[in-house]
**Student:** 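Right, I'll just put the structure down here and ask away after.
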Amino acid sequence: MAVDETVRQHKFLLDESQMPTAWYNIIPDLPEPPPPPLHPGTHEPVGPEDLMPLFPMALIMQEVSQDRYIEIPGAVQDIYRQWRPSPLMRAHRLEKALDTPARIYYKYEGVSPAGSHKTNTSVPQAYYNAVEGISKLTTETGAGQWGTALAFACALFGLECEVWQVGASYDAKPYRRLMIEAFGGEVHRSPSDLTNAGRMLGANPANQSGSLGIAISEAVEAAVSDPTVRYALGSVLNHVLLHQTIIGEEALKQMAMAGDDPTLIVGCTGGGSNFAGLSFPFLREKMAGKINPRILAAEPASCPSLTHGVYAYDFGDTAGMTPLMKMHTLGHDFVPDPIHAGGLRYHGMAPLISHVYELGLMEAQAVPQTECFAAAVQFARTEGIVPAPEPTHALALAVREALKAKETGEETVILTALCGHGHFDLAAYDAYLNGRMEDEAVSEERFAAGLATIPVV
Ligand SMILES: *Cc1c(COP(=O)(O)O)cnc(C)c1O
């Protein structure tokens, strides 16, 4: 069989010396600043002191920073180099299977030790906590990727790590729990009886499958009750989105190597961190008038905070312990169906993504999970990577757009974040491949009940 010349330039690799050495903070480049978080009691903007029981000062300062670039500490760069710069691939074989003129690129974050993009923020978070003398971090985990990433980072910096894993995912994914334990982390099924929030919320049978909101309440409570312990969040907050921008900074250089400009950037959004990480550096170039891609968020139809939620101040957790954040939310009481993309089952959206969405700088679409897995299987059979359930939402929209390009003939260059692999999510593939996966329809009553819990501010 002759060599197929069209698939030769499949991979765009940077060498270590080309790894970005600063994260990009989009806030100073936006036409308006995002609304500040509010104290849950006084409804006044929170100050750094309010956040000190939760986070180390370095991260609090990043949360409110007005600096466009923030240097990545050398110790963090050293660890990043184990898997960064990550590869950018051109999906030639998927393009062929779709018979599309669209060019499809994916930035692959599954090469990290935890198998997802989460290590881009777990490593600096553990680093700053260790520098400030903290002994232990608590956190929640949905699908298990964040818990794995944080346990890995804590092991490197000699911190203890305690994880509340959403009940549905704890039951369905024993191997994620074991990987967290292999890295030295301790895992509890949430809701647990170890915290007041867990005991209170766990008393309601409707909460037995757990949710990210409930697990956050438990991890926050455990952190604020001990002065040597802090809490770490794997998404949503400004500093987390900041750390993920290394993805987009690398991808900008790699698209230049490929000699192509994306017309569409599409990523999945749970809390918004991988999407922001890929898209914000491109949005900077777009706001500067250099490129003009559409920027599109893919969210699950069963938890559609951007397309079905409201833009309002709400709690980040179910028990109402976190500051109030202005964001797209389905209501902090909303417990999504236990869909397979556990990492996308969050009632809210990053305040920064919500703000960018309100400014009209990006779009969003909701996708049902069977369409996602159809795209995932097609991707696996052509590109050879079994995606995590979360990025299959972005792949489904990439496929829709690639097929549209075939009809319209419009020049289409798609860039997507393949933010993790699905090696621990094969139960989801089992459900799909054996005809047991359904598209859950959320009733208007359930949406209304969730929205009714949003506090009046
Ligand atoms: C955590 C996670 C998500 C969802 O979180 P974002 O902050 O929206 O990125 C998506 N995909 C993977 C692989 C994850 O681990």
Side-chain angles (χ1 to χ4, degrees), residues 86 106-122 125 139-153 163 165-166 169 173 176 179-180 211-212 215-216 232-248 265-280 296-300 303-306 316 327-328 336 339-354 356-357 362 364 367 369 372 376 379 385-396 416-425 428:
S86 69
Y106 56 98
K107 176 76 167 155
Y108 186 44
E109 293 295 310
V111 292
S112 92
S116 78
H117 66 290
K118 295 289 199 322
T119 44
N120 297 330
T121 185
S122 69
Q125 290 195 48
T139 198
E140 73 295 327
T141 194
Q145 288 110 329
W146 168 240
T148 309
L150 191 68
F152 156 73
V163 180
Q165 185 172 9
V166 174
S169 136
K173 295 187 167 189
R176 267 289 167 201
M179 192 163 175
I180 296 171
S211 70
L212 277 170
I216 293 173
L233 189 59
S235 185
V236 177
L237 298 178
N238 296 349
H239 68 265
V240 180
L241 275 51
L242 172 81
H243 299 156
Q244 295 296 352
T245 58
I246 190 162
I247 301 173
I265 295 172
V266 58
C268 67
T269 47
S273 73
N274 88 83
F275 177 75
L278 178 68
S279 66
F280 281 2
L296 175 62
E299 58 181 13
C303 194
S305 54
L306 284 169
M327 60 181 176
H328 282 265
I339 52 164
H340 291 286
L344 306 183
R345 290 180 70 228
Y346 184 59
H347 67 271
M349 181 50 59
L352 202 44
I353 294 278
S354 300
V356 164
Y357 186 64
M362 58 172 275
V367 204
Q369 64 178 350
C372 298
F379 187 85
I385 297 173
V386 177
E390 292 84 5
T392 66
H393 291 71
L395 289 175
T416 188
L418 189 60
C419 51
H421 66 61
H423 300 176
F424 293 91
D425 307 287

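Counting convention: from 1, in listed order, for ligands and their atoms alike.
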**Student:** What atoms of ligand 1 come closer than 4.0 angstrom to any heavy atom of T269?
**Tutor:** 8 (O)
**Student:** Going by distance alone, is a donor N or O of one side chain under 3.5 Å from an acceptor N or O of the other, for N120 and E109?
**Tutor:** yes
**Student:** Can you name the residues that form a ring-ring contact (aromatic ring centres under 6.0 Å, His included) with H328, not counting sequence neighbours?
**Tutor:** Y311, Y357
**Student:** Do G272 and ligand 1 have an N or O pair less than 3.5 Å apart?
**Tutor:** yes
**Student:** Starting from atom 10 (C) of ligand 1, locate the nearest protein heavy atom and write down its residue, its atom name and how far away it is, to 0.1 Å.
**Tutor:** E390 CB, 3.4 Å
**Student:** Does ligand 1 have any atom sitting under 4.0 Å from a heavy atom of G234?
**Tutor:** no
**Student:** With the side chain counted from C-beta on, respond yes when T121 and S273 share a heavy-atom pair under 4.5 Å apart, and no when they do not.
**Tutor:** no
**Student:** Under 3.5 Å, is there a donor-acceptor pair linking the side chains of T148 and R176?
**Tutor:** yes
**Student:** For atom 11 (N) of ligand 1, which candidate among S116, C419, A114 holds the nearest heavy atom?
**Tutor:** C419
**Student:** Can you tell me how the ring of Y106 sits relative to the ring of Y108, calling it parallel under 30°, perpendicular over 60° and tilted otherwise?
**Tutor:** perpendicular
**Student:** To check your reading of the model: name the closest protein heavy atom to atom 13 (C) of ligand 1, its residue, and the distance in Å.
**Tutor:** Q145 NE2, 3.5 Å
**Student:** Sequence neighbours excluded, which residues qualify as ring-ring contact (aromatic ring centres under 6.0 Å, His included) partners of F424?
**Tutor:** none
**Student:** A side-chain contact here means heavy atoms from C-beta on lying under 4.5 Å apart; do E140 and W146 qualify?
**Tutor:** yes
**Student:** I want to confirm something. Looking only at heavy atoms, which of K118, E109, H421 is nearest to atom 5 (O) of ligand 1?
**Tutor:** K118
**Student:** What protein heavy atom sits nearest atom 7 (O) of ligand 1, and how far away is it?
**Tutor:** S235 OG, 2.5 Å
**Student:** With heavy atoms under 4.0 Å as the rule, classify the contact between N274 and ligand 1 as side chain, backbone, both or neither.
**Tutor:** both
**Student:** Is there a side-chain contact between V367 and C372 in this structure, where contact means two heavy atoms from C-beta onward sitting under 4.5 Å apart?
**Tutor:** yes
**Student:** Indicate yes or no: does an N/O atom of S273 lie under 3.5 Å from an N/O atom of ligand 1?
**Tutor:** yes
**Student:** State, with a plain yes or no, whether a side-chain heavy atom of L395 is found less than 4.5 Å away from one of L418.
**Tutor:** yes
**Student:** Who's the nearest protein heavy-atom neighbour of atom 4 (C) of ligand 1, and how far?
**Tutor:** G343 O, 3.3 Å
**Student:** Examine G270 against ligand 1 and note whether any of their N/O atoms are separated by less than 3.5 Å.
**Tutor:** yes
**Student:** Using a plain distance cutoff, I'd like to know if G271 has any nitrogen or oxygen under 3.5 Å from a nitrogen or oxygen of ligand 1.
**Tutor:** yes
